[in-house]
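Below is one structure, written out as structure tokens, with a few remarks after it.
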Amino acid sequence: MLGRSDLAISKGSDEQDIVRAATELVDNGKWHLTEGGVGLERPFKFKTFKATWAFMNDVAEECQRQKHHPEWANVYSRTEIRWTTHSPKGMSAKDTHMARFCDEAAQRHGEQYPKQAETKTEGGPVVEAGDCCGHTHTKPDGG
Ligand SMILES: C[C@H](O)[C@H](O)[C@H]1CNC2=NC(N)=NC(=O)C2=N1
């Protein structure tokens, strides 16, 4: 259970709603709080680059509807997504909404579960090239 003091909440937000939603996403979900509790982030992995891109496209369409953009990175079949509100700075209902949207969209696109060691991220949405350029794929586009 997260408390009010774990989060930096964007001014003008319903604080109880944010604490409740963030608790659900972190304690009962796969998201991590970013530094200072200003946002939520987590890595996603899919079977192919094509599936990853399709997922990111769905997220991008919802971003347009919500007028809210992510901080994200993509390498091959992985994407790392962070939701935080820049103005007013902190976590807002748009961030918790988008995190939930990502969970649902990822399921639709056949999310693969990252290994435990890969679920913790430090310092930003940067994904190591990792398995994208190894010897496991023979097709040039990897899938
Ligand atoms: C006018 C427009 O709604 C604002 O600039 C929005 C756009 N998207 C945004 N996205 C994020 N993540 N934070 C913001 O503060 C933000 N502001």
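Computed over heavy atoms, backbone and side chain alike; hydrogens, waters and symmetry mates excluded. Quantities reported herein were computed from a predicted structural model and do not represent experimental measurements. All ligand and atom numbering here is 1-based and tracks the order in the structure.
Listed by first and then second residue, the salt bridge (charged side-chain N to carboxylate O under 4.0 Å, His left out) pairs that reach into residues 2-15 are R4-E15, sequence neighbours excluded.
Remark: the backbone N or O of G90 is not paired with any side-chain donor or acceptor of S10 at under 3.5 angstrom.
In the displayed structure, K94 atom NZ is contacted under 6.0 Å by more than 12 heavy atoms of other residues, nucleotides or ligands. Few gaps surround CD on Q66; more than 12 heavy atoms of other groups in view lie less than 6.0 Å from it.
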Considering only distance and modelled atom types, tabulate donor-acceptor pairs under 3.5 Å from the side chains of residues 51-59, sequence neighbours left out.
unit_1: T52; atom_1: OG1; unit_2: T48; atom_2: O; d: 2.7
unit_1: T52; atom_1: OG1; unit_2: S77; atom_2: O; d: 3.4
unit_1: D58; atom_1: OD2; unit_2: H109; atom_2: NE2; d: 2.8

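For H97, there are no ring-ring contact (aromatic ring centres under 6.0 Å, His included) partners, not counting sequence neighbours.
A heavy-atom cutoff of 4.0 Å around ligand 1 is satisfied by the protein residues K67, H68, H69, T84, T85, H86, S87.
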